[in-house]
Protein chains: 2
Amino acid sequence: MSDENMTEEEFLKNYDLRKYAPVGVTVDLTIFTIKNGKLSVLLIERGDHPFKGQWALPGGFVDTTESLEEAAARELKEETNLSIEDGYLEQLGTYGRPGRDPRGFIVSTAYVALAPNIETPTAGDDARNARFFAIDEVLSKDFDLAFDHADIITDGLDRVRAKIEYAPIAPKFISDDSFTISELRNVYEIVWGIQLVPSNFRRKVQSVKDFLVPVGEKRTSDLPGGRASDLYKAGSADVIYPPLRGPMSDPSIAAEDF
Amino acid sequence: MSDENMTEEEFLKNYDLRKYAPVGVTVDLTIFTIKNGKLSVLLIERGDHPFKGQWALPGGFVDTTESLEEAAARELKEETNLSIEDGYLEQLGTYGRPGRDPRGFIVSTAYVALAPNIETPTAGDDARNARFFAIDEVLSKDFDLAFDHADIITDGLDRVRAKIEYAPIAPKFISDDSFTISELRNVYEIVWGIQLVPSNFRRKVQSVKDFLVPVGEKRTSDLPGGRASDLYKAGSADVIYPPLRGPMSDPSIAAEDF
DNA sequence: CCAATAGTGTCTCTTAGACATTATGTA
DNA sequence: TACATAATGTCTAAGAGACACTATTGG
């Protein structure tokens with residue numbers, strides 16, 4: 001039967017993807033958190049070939065019964081026990097350079113996740129070694145990451161630094177449901193790597209509609225001294241407008257700071 | 001030989017991706033242009049199953065010898081004869097919902113391309129029907145696009161509308177190498193679907209460092225009347241700062257206009 | 001001259017950045 | 001009390017939006 005006259009049903013009955021060149025699809029996660037005052041990313045030590053023994057982003061092959069998003073959410077849950085609602089998960093991009101995986105033509109769709117400071121990532125059933133590394137350590141020249149994961153982490157870092165300007169995702173770095181404006185400012189300072197003027201930061205975040213809602217309680221610092229601070233929780237805003245301009249958006253700052 | 005004691009070379013010699021579930025990787029392009037004063041997207045009429053006879057984004061399977069970017073650039077060249085330098089090409093995202101392609105588990109990495117108003121897309125060797133459609137027509141309820149391409153076009157449209165705020169890509173819509181500020185403003189007005197105040201737009205784009213460089217010539221309008229306008233060409237800026245705020249970034253405008 | 005578009009100037013209001021001042025907590 | 005941090009207020013300069021005005025073209 002010629003292709004021309006086949007119905008779509010007939011075509012699909014005869015169709016077999018296996019005839020074509022073998023390819024694979026994986027997801028990889030850049031799970032960011034703030035640990036010891038530094039922006040950090042979760043890595044796992046690979047227990048199998050390829051890159052056995054090297055550090056890599058958590059991830060794995062996508063099951064053909066799940067979407068990419070579901071595969072990423074599954075990995076996030078496995079590694080951090082965070083559900084997609086508590087944490088934050090967003091597609092970063094897809095990496096498909098031939099040769100990036102020695103097993104064959106395997107494209108990987110990378111996701112960015114944000115996590116609060118969780119004590120120890122759940123190692124999962126497999127006895128994999130998993131822990132958070134400071135970003136600057138991971139991106140240093142002598143840190144030997146598997147695959148093209150250094151590229152992915154670099155892109156993920158850029159994404160996070162740019163996105164906290166206009167998306168209300170910074171609270172995802174904070175463990176508690178409620179937080180102070182100083183804690184929020186601290187997140188921005190760590191992610192951007194610059195100091196912010198507290199009073200101006202306060203004015204700006206408070207002027208953003210539905211970004212922060214006052215909880216009505218105060219928290220006294222664990223350090224000696226200092227006025228108790230008001231607590232806030234994340235509001236319903238889905239955009240920060242006007243954005244909190246960081247060093248990513250202004251070329252004049254970016255030139256000197258990165 | 002157990003997996004435990006294999007070297008990486010031995011592992012890879014035995015490894016065969018074909019053993020796993022069959023998957024496919026395609027690229028799809030949302031090639032935007034401005035035609036008849038409307039933002040438009042290139043569609044091709046599918047000559048083969050699946051979705052034979054329906055309109056779809058140009059694209060196809062990725063060759064395992066090329067990167068995703070190269071595959072997208074190849075498609076762009078085939079469809080519009082634009083090289084990646086003249087046009088503009090950027091990864092949009094990857095779509096992997098099971099069932100999106102009836103042939104099997106096929107993920108598609110979508111790219112956004114911008115093209116000047118080209119007369120007729122090169123139909124290519126294959127006798128496919130290909131032409132630009134106005135965005136609002138394509139995204140109307142009764143336009144029956146193949147696959148999940150309506151989702152991809154919607155996302156691509158959002159990307160373009162957001163990105164012309166801070167990236168100097170608007171000139172890519174203009175055929176000529178040099179252009180007037182009115183022509184540039186026209187691009188923004190069409191993409192955003194709003195009217196801009198000419199004098200304020202002029203002041204803002206001219207204040208962006210290295211965005212526009214004067215050519216030193218004037219162009220007289222083809223219409224009767226009107227002062228001759230200065231010509232500019234795209235400069236070396238890779239970011240527009242401060243951004244040209246459109247309706248995408250300001251929730252108060254977005255609410256009423258979309 | 002008129003009509004039409006390009007380009008300049010001006011006014012006001014908002015916002016950002018810098019920093020002073022006041023408030024409230026602990027040692 | 002001293003000290004530390006939170007919260008508020010103030011000043012100035014830059015930028016945005018609205019719109020008036022001038023310049024240059026063709027008919």
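Throughout, protein chains are lettered first and strands after them, A, B, ... in sequence-line order, and every chain is numbered starting at 1.
- Using a 4.0 Å cut-off between a side-chain N of Lys or Arg and a carboxylate O of Asp or Glu, A/Glu90 and A/Arg159 qualify as a salt bridge.
- For A/Glu217 and D/dA7, the CD to P distance is 14 Å, given to the nearest whole Å.
- Atom CD of A/Glu183 and atom P of D/dT5 are 14 Å apart (whole Å).
- Each of B/Ser199 and B/Pro243 lies near DNA chain D, and the nucleotide nearest B/Pro243 is the one positioned closer to the 5' end.
- A salt bridge links A/Glu183 with A/Arg219: the closest approach of a Lys/Arg side-chain nitrogen to an acidic carboxylate oxygen falls below 4.0 angstrom.
- When the nucleotides C/dT5, D/dG17, D/dT25 are ranked by their closest atom to the side chain of B/Arg227, C/dT5 comes out on top.
- Listed for the B/Ser140 side chain is a donor-acceptor partner under 3.5 Å among the backbone atoms of B/Glu137.
- Using modelled atom types, one finds no donor on one side chain facing an acceptor on the other under 3.5 Å when comparing B/Ser175 with B/Asn117.
- In the set C/dA16, D/dG17, D/dA7, C/dA16 carries the atom at the smallest distance from any side-chain atom of A/Pro242.
- Checking the phosphate oxygens (OP1, OP2) of D/dA6, no side-chain nitrogen or oxygen of A/Lys218 falls inside 4.0 Å.
- In the set D/dA6, C/dA18, C/dA6, C/dA6 carries the atom at the smallest distance from any side-chain atom of B/Ser182.
- Per the geometry, CD belonging to A/Gln206 stands 16 Å off C1' belonging to C/dT15, to the nearest Å.
- Checking A/Glu165 against A/Ser249 by side-chain atom types alone, a donor-acceptor pair falls below 3.5 Å.
- The 5' end of DNA chain C is approached more closely, in terms of each residue's nearest nucleotide, by A/Lys204 than by the other of A/Gly226 and A/Lys204.
- In this structure, of D/dA18, C/dA18, D/dG26, it is D/dG26 that holds the atom nearest to the side chain of B/Thr220.
- Between the CZ atom of B/Arg185 and the C1' atom of C/dG7 there is a distance of 12 Å, rounded to whole Å.
- For A/Arg245 against C/dG17, a side-chain-to-base donor-acceptor contact under 3.5 Å is absent.
- Each of A/Arg203 and A/Leu231 lies near DNA chain D, and the nucleotide nearest A/Leu231 is the one positioned closer to the 5' end.
- Contacts of B/Ser207 with the nucleic acid, taken as non-hydrogen atoms under 4.0 Å apart, are absent.
- Residue A/Thr180 is classed as having no contact, given no heavy-atom separation below 4.0 Å to the nucleic acid.
- Counting to the nearest Å, the P atom of D/dA6 and the CG atom of A/Leu196 are 14 Å from each other.
- Residue-to-nucleotide contacts include no donor-acceptor pair under 3.5 Å from the side chain of A/Asp230 to the base of D/dA6.
- At whole-Å resolution of the value, CD1 in B/Ile194 and C1' in D/dA18 are 15 Å apart.
- For the pair B/Leu212 CG and C/dG7 P, the interatomic distance rounds to 12 Å; values are reported in whole Å.
- For the pair B/Tyr232 and B/Gly225, both in contact range of DNA chain C, the more 5′-proximal nearest nucleotide belongs to B/Gly225.
- In this model, the phosphate group of C/dG7 is approached by a side-chain N or O of B/Arg202 to a distance below 4.0 Å at OP1 or OP2.
- A/Gln206 and A/Tyr232 form a side-chain donor-acceptor contact under 3.5 Å, judged by distance and modelled atom types alone.
- C/dA6 atom P lies 10 Å from atom CG of B/Asn186, rounded to whole Å.
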